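For reference, the structure discussed in these notes is given below.
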Amino acid sequence: MPERLLPLLTTRPQTGDALGARLGVNRVTVSTLARRLQEDGVPVQVSRAGYALHPDAPAPAQVTPTGLMGAAHRYHGTVTSTQDALRAWADDPQDPAPHGAVLTAERQTAGRGRRGRAWDTTHGTLVFSVLLRHGPGGGPLSLPHLALLPLAAGVALARASGVGGLKWPNDLLAPDRRKLAGVLLEADLRGEEARRAVLGIGVNVSAAPEGAAHLREFRPELTRAGLLTEVLRELHTWLDAPPHDVLRAWREASVTLGQPVRVQTPQGPVDGNALDLDPSGSLIVQTPAGPLTVGAGDVQLIGTLT
């Protein structure tokens, strides 16, 4: 299977003979495995010097974890979605993924965003999921904590990216309001707590769908591996931060607060002005009929494409 070769590849070229000796196969088989990895979306570089991973690849050997964030890390070519693949790893009875485990992939065939929207993962996108088995200090994943996780992840993403601002509740926008990145939180609930949560993040690093932006427009030196290292470091800080610190940091990075917005409600769209966040992270919108509190609803910044 080509997956046998992937963990052995680094950014330094290795000959087919050397890799074959480690795998117990000949160099022709190594060439076949490398080609299959390429077909699966893995950026394997083949030269006279041998086989290597592209320096941009967010593979474990090229990403530095912080604490438990990324200490366990799996890298794939093509998956249905990193959310689903990480759940399968978490359920593996022989080797279950621990808290902070990260799963990255080059392509998703069924990637999804919030509310089931398609999650476009064109080449040049960093797509990964993080497993959360407990809350701050090892405590349970309570519902109030879960509500703040997308905001905390947004703060981590904004600080690691160093570009743009946060649109409530889960998007990072470029200075011109084009979308750079998004956050998706899915939790397995049991009563007032969650058994676990899976945090998915997708960032346009070197390419973007039409109408969106990518980070290399603003940080040409950025690699996906380098960005993942920075995001994991920030997640280590912000996922365990006190709620008031998360809310303060999110407000500082917000491009939503103080702006005219359109809120999709069960009764139809309502226009208003985004005032603030309440302690749970919900958005407070001033409308002609009075303040409206929006919890994880659809909010459009009026006058933008987001």
Side-chain angles (χ1 to χ4, degrees), residues 1-65 70-86 88-89 95 97 101-111 119-129 160 181 200-210 212 214-217 219-232:
M1 296 293 289
E3 290 78 11
R4 297 169 55 201
L5 176 62
L6 184 53
L8 303 183
L9 296 175
T10 67
T11 57
R12 178 180 58 82
Q14 301 173 75
T15 67
D17 287 334
L19 290 167
R22 298 174 67 183
L23 290 172
V25 300
N26 60 36
R27 62 182 179 182
V28 174
T29 300
V30 171
S31 176
T32 299
L33 295 177
R35 185 176 66 254
R36 289 179 180 173
L37 285 176
Q38 290 174 325
E39 293 170 351
D40 198 41
V42 178
V44 179
Q45 297 180 317
V46 182
S47 67
R48 290 184 177 181
Y51 303 87
L53 276 179
H54 191 284
D56 182 70
Q62 295 169 216
V63 177
T64 304
H73 182 183
R74 289 184 178 178
Y75 170 60
H76 296 271
T78 300
V79 296
T80 55
S81 77
T82 58
Q83 298 286 90
D84 294 341
L86 184 52
W89 181 15
D95 183 24
V102 169
L103 190 143
T104 55
E106 290 291 340
R107 293 193 303 232
Q108 298 184 120
T109 59
W119 194 331
D120 189 350
T121 53
T122 52
H123 221 52
T125 303
L126 171 64
V127 183
F128 67 99
S129 294
I201 295 178
V203 189
N204 300 326
V205 178
S206 61
E210 184 177 357
H214 62 82
L215 283 175
R216 282 193 191 160
E217 295 178 43
R219 295 181 59 186
E221 82 292 350
L222 194 65
T223 67
R224 291 181 300 151
L227 177 63
L228 182 53
T229 291
E230 294 179 30
V231 174
L232 293 177

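Note that the structure is predicted; figures quoted are calculated from it, not measured.
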Full working for side chain to side chain contact (heavy atoms under 4.5 Å, CB included) between Leu53 and Thr10: CA-CA 5 Å; Leu53 276 179; Thr10 67; over 6 Å; no
Minimal non-hydrogen separation, Val30 against Gly16, with atom names: CG2-O, 3.6 Å
Backbone N/O of Pro55 and side chain of Gln62: donor-acceptor pair under 3.5 Å: yes
Arg224 bridged to Glu230 by N-O distance under 4.0 Å: no
Leu103 CG to His73 NE2 distance, which is reported to the nearest 0.5 Å: 7.0 Å
From CG (Asp84) to OG1 (Thr109), nearest 0.5 Å: 9.0 Å
Under 3.5 Å donor-acceptor, Thr104 side chain and Phe128 backbone: no
Test side chain to side chain contact (heavy atoms under 4.5 Å, CB included) applied to Ser31 and Val28, step by step: CA-CA 5 Å; Ser31 176; Val28 174; 5.6 Å; no
Spatial distance of atom CG (Leu19) from atom OG1 (Thr29) [nearest 0.5 Å]: 12.0 Å
salt_bridge(Asp40, Arg35) N-O dist < 4.0 Å: no
Heavy-atom check, side chain of Thr64 versus side chain of Leu232, under 4.5 Å: no
Check: Glu106 side chain, Val42 main-chain N or O, donor-acceptor pair, under 3.5 Å: no
Straight-line distance of Arg107 CZ to Thr80 OG1, nearest 0.5 Å: 13.5 Å
Flag, side chain of Trp89 to backbone of Val102, donor-acceptor distance under 3.5 Å: no
Main-chain N/O of Asp56 paired with His54 side-chain donor or acceptor, under 3.5 Å: yes
Residue pair Val205 / His214, side-chain heavy-atom distance below 4.5 Å: no
Whether Gln108 side chain and Thr82 backbone form a donor-acceptor pair below 3.5 Å: yes
Side chain to side chain contact (heavy atoms under 4.5 Å, CB included) between Val203 and Thr125, intermediate numbers included: CA-CA 6 Å; Val203 189; Thr125 303; 5.7 Å; no
Heavy-atom side-chain contact between Pro60 and Arg74 under 4.5 Å: no
Minimum heavy-atom distance between Ser81 and Ala110, given as atom pair plus value: CB-O, 3.9 Å
Pairwise distance CD(Gln45) to CD(Gln38) - rounded to 0.5 angstrom: 9.5 Å
Ala225 versus Val63, closest heavy-atom pair with distance: O-CG2, 4.0 Å
Heavy-atom pair with the smallest gap, counting every atom of Asp17 and Arg27: OD1-CD, 3.3 Å
Within 6.0 angstrom of Glu210 CD, more than 12 heavy atoms from elsewhere: no
Spatial distance of atom OG1 (Thr15) from atom OH (Tyr51) [nearest 0.5 Å]: 9.0 Å
Heavy-atom closest contact (Leu37 atom, Leu9 atom, distance): CD1-CD1, 4.0 Å
Leu228 and Leu126: CA distance, side-chain angles, deciding distance, side chain to side chain contact (heavy atoms under 4.5 Å, CB included) verdict: CA-CA 8 Å; Leu228 182 53; Leu126 171 64; 4.1 Å; yes
Closest non-hydrogen atom pair, Tyr75 against Pro58: CD1-O, 3.7 Å
Side-chain heavy-atom pair Asn204, Pro209 within 4.5 angstrom cut-off: yes
More than 12 heavy atoms of other groups within 6.0 Å of Arg216 CZ: yes
